[in-house]
Amino acid sequence: MGEIFVVVEHRKGEIREITFEMLFKARELCRTSSHNLTALLLGGKDQGFVNNLAKWADRVIAFEDNRLEVFNADLYKEILNRLILEHTPFLTFIGHTSWGMDLAPALSIKTGFPLATDCVDIQTEDGRPIVTRQIYSGKLFSKVSFKESPGYLVTVRPGAFLPPDGVEKNPGEIMMQELPSDLTEPEKEFIEFVDTGAGEIDITQAELLVSIGRGVGEEENIATIKELADLMGATLSCSRPVVDKNWLPKYHQVGTSGKSVKPKVYLALGISGAFQHVAGITGAGTVIAINKDRKAPIFRVADYGISDDLFKVADALKAEF
Amino acid sequence: MNIIVCIKRVPLTQEVDLEIDELRKGVKKDALAYVINDWDNYAIEEAVLLQEKFGGTVTAITIGDEDDEEILRRALAMGADKSIRIEAGERELDGFTISKILAKTIRDLDYDLIMTGVQADDDNAAMVGIMLAEELGLSHAAVVTGMEPEGNAATIRVELEGGMDEISKIKLPSLLTIQTGINDPRYVSIMGIRKARKKELVVINVEDLGLSEDDLAQRTMIEEVFLPPETEGAEMIEGDPSSVAGQIIQIMKEKGVSI
Ligand SMILES: Cc1cc2nc3c(=O)[nH]c(=O)nc-3n(C[C@H](O)[C@H](O)[C@H](O)COP(=O)(O)OP(=O)(O)OC[C@H]3O[C@@H](n4cnc5c(N)ncnc54)[C@H](O)[C@@H]3O)c2cc1C
Ligand SMILES: Nc1ncnc2c1ncn2[C@@H]1O[C@H](COP(=O)(O)O)[C@@H](O)[C@H]1O
């Protein structure tokens, strides 16, 4: 019987949702493959995480040291490398988040264990994991297998496995560990967190959002859609490329690195539906998407879809007012 | 400051009906148009901006075939000084083998900084950059949206989830994976690309790098690609634009939006 490791992600004194999503999925795998579930916590002193984690895992291995209060890839990869080589877990789960992207590939090289990133499903077949991921921004799926190895690493897409309420169970064992005394001095030093979300308007409070993506084509076209939004009494929001190109300020951006919104209706114009965008609209009541491409992934998450040129529909909508 | 930028040419897949190939391991590529990976375009611009400010050279590297030289010339036109293409022939590559090949090529070059994109728009793996950093024993950061060098270190801005950035200090040499929006990539004219033909483009064959078969063995294999299950999905509204518009407004009213 082996083990599945889940690397706990936390920020500013809170365990991040992705951690529970991974624990939930790992538990499901443990049940079918009779592995033990271990949560690995690298955190600051007395942040109060261990008891909560113990409800989800068979055991929690915890290092509590103020050097670990904020994620640091250098320290994390060194400590995790030692733990993984010592315990040889069958699978190690890490979040496919900014921090996970900085950690998992380095850890894969260090441990020699193969890595598949951004997995939306993880199964085992004949004693080896087999994962599902998306390619071409979600237009296709791929099934990926691994070269044989004593253990494997995966990063898990946020939002792919949502634990229902009440899945916690009897507390597992808690093993507090001391940091090794011979840790290498990290090459990266945390300075501060900066909030980038605030701005003149708050898209999170809007009841109707008209949201534009790269499909809007050119900066000049934004005025057309803004007019439509004004006529409808809607708030304008957008996907990331529109902000990257400086066509709209950052506080309009919906998605993992922007805002999570919860309008009654979200009208997506020329947005393909990459997961980083869609993660921001899970709270929307109804999603209506307009996209020229009938195969755009946004149509898989929208309630209503229109496969047409967004400007044609926008003009027709304007004519209704 | 000598900077190396790793870049990849990727197919444009928006507005395209992707067709799966006979082996069911990839897509039919002949009908696709190719561009530089969006993230990599920002990385080149960032390298060129740093070079304009601090001097030094910018070298663009890609593993690819002859057609992929197009993005190297594009990088040269943006201001890179040199470029390298590594020919991998018929070998199947994954993130691991790509990072091994890049590491071997880069190891003996003179650099203070390496930049890659956060992710490639085809495999969406976000893997190669940080693997390469670890292969070379470099400090690293992923999803970087700002970078200011100061002596043998740099202050960097990393984008986290939920409208939060992290500022930190990192020792150089290091590897940064660059996020879109970090700058405003310059326009490249056909003339500019033509002129860049005079700049250096070295071609290396992967077989000459002295990598072992183990280094060139993929650690993850695509078993099958498939179209997303059609089971779930939006109810499609058909009709001419004005009837569609009418239905949209109807839905909005039903959902309690005051319009
Ligand atoms: C770490 C990280 C964080 C990220 N965070 C975010 C985030 O917070 N928010 C976010 O949005 N993205 C985010 N992204 C980027 C994300 O991966 C996608 O690249 C992005 O969402 C794509 O935006 P888009 O849909 O507008 O553009 P594209 O993917 O280019 O899609 C444009 C769409 O418009 C359609 N179209 C074109 N012309 C027309 C027309 N005339 N009429 C109708 N349809 C048309 C096309 O068919 C296409 O589907 C992040 C990426 C990374 C790596
Ligand atoms: N074939 C390649 N040649 C050069 N650089 C690459 C190649 N593939 C990936 N990269 C770099 O690695 C980054 C991340 O790619 P990936 O890990 O495939 O998502 C890209 O943005 C490029 O900077």
Side-chain angles (χ1 to χ4, degrees), chain A residues 97-98 101-102 105-106 108-110 114 116-118 134-137 139-147 187-197 207-208 232-233 243-244 256-259 264-265 272 285-286 288-289 292-293 295 299-300 302-307 312-313 316-317 320, chain B residues 13-15 17-18 27 121-127 130-131 133-135 139-143 158-161 163-171 180-181 184 217-228 232-237 241-242 244-246 248-249 251-252 255-257 259:
Chain A
T97 58
S98 286
M101 286 183 228
D102 195 19
S108 170
I109 297 299
K110 249 185 151 44
T117 56
D118 191 20
Q134 295 181 353
I135 52 178
Y136 303 111
S137 308
K139 287 195 84 164
L140 286 185
F141 283 50
S142 69
K143 265 210 156 55
V144 174
S145 65
F146 297 80
K147 185 178 171 198
E187 307 213 281
K188 195 159 57 178
E189 187 194 333
F190 171 76
I191 299 175
E192 60 175 341
F193 288 123
V194 183
D195 211 321
T196 59
E207 72 162 23
L208 177 60
M232 294 175 123
V243 173
D244 287 342
T256 50
S257 54
K259 298 233 168 95
K264 285 182 181 154
V265 174
S272 65
T286 300
I288 308 174
K292 271 206 283 204
D293 180 359
K295 299 275 171 64
F299 290 132
R300 294 207 304 274
D303 300 285
Y304 298 95
I306 297 109
S307 170
K312 280 195 198 145
V313 182
L317 276 170
E320 298 277 325
Chain B
T13 58
Q14 308 299 351
E15 299 176 60
D17 261 343
L18 293 175
V27 292
D121 213 13
D122 48 4
D123 60 30
N124 306 147
M127 185 191 272
I130 302 300
M131 282 192 164
E134 191 63 29
E135 289 284 352
S139 61
H140 51 87
V143 201
V158 160
E159 177 186 284
L160 306 177
E161 290 74 23
M164 178 88 64
D165 283 356
E166 176 191 351
I167 312 289
S168 47
K169 198 163 195 159
I170 194 165
K171 288 202 181 116
T180 55
D184 184 9
Q218 296 187 92
R219 290 197 176 171
T220 49
M221 282 76 66
I222 294 184
E223 292 298 325
E224 187 193 354
V225 302
F226 55 99
L227 288 164
E232 72 244 55
E235 179 184 320
M236 298 306 284
I237 304 176
S242 73
V244 165
I248 291 176
I249 287 175
I251 294 166
M252 288 180 175
K255 302 297 170 189
V257 176
I259 49 171

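The figures here come from the full heavy-atom set of this structure, side chains too, leaving out hydrogens, waters and symmetry mates. Lettering of chains follows the sequences in order, A, B, ..., and the numbering in each one begins at 1.
- For chain B, the option among A/D293, A/D102, A/I135 with the highest count of heavy-atom pairs below 4.5 Å is A/D102.
- Neither the backbone nor the side chain of A/K259 comes within contact range of chain B; no heavy atoms are under 4.5 Å apart.
- Partners of B/T180 according to the side-chain contact (heavy atoms from CB on, under 4.5 Å) rule, which considers only residues two or more places apart in sequence or in another chain, are A/R240, A/D244, B/D38, B/W39, B/Y42.
- Side chain to side chain, B/E223 and A/S145 meet the donor-acceptor criterion of an N or O pair below 3.5 Å.
- Heavy-atom distances place both the backbone and the side chain of A/V194 under 4.5 Å from chain B.
- Here B/S168 is the residue among B/G181, B/S168, B/A133, B/G246 with the most heavy-atom pairs under 4.5 Å with chain A.
- The greatest number of non-hydrogen atom pairs below 4.5 Å with chain A, out of B/M221, B/K171, B/K255, is found for B/M221.
- For the options B/V27, B/I249, B/T13, heavy-atom pairs under 4.5 Å to chain A are most numerous at B/T13.
- In this structure, the portions of A/L140 lying under 4.5 Å from any heavy atom of chain B include both its backbone and its side chain.
- When B/E135, B/E15, B/Q218 are compared by the number of non-hydrogen pairs under 4.5 Å with chain A, B/E15 comes out ahead.
- Ranked by heavy-atom pairs under 4.5 Å with chain A, the list B/I167, B/D123, B/V244 is led by B/I167.
- Residues meeting the side-chain contact (heavy atoms from CB on, under 4.5 Å) test with A/D303, sequence neighbours left out: A/T286, A/V287.
- Looking at B/A125, both its backbone and its side chain come within 4.5 Å of chain A, counting heavy atoms on both sides.
- Your options are B/V158, B/D17, B/D184, and the one with the most heavy-atom pairs under 4.5 Å with chain A is B/D17.
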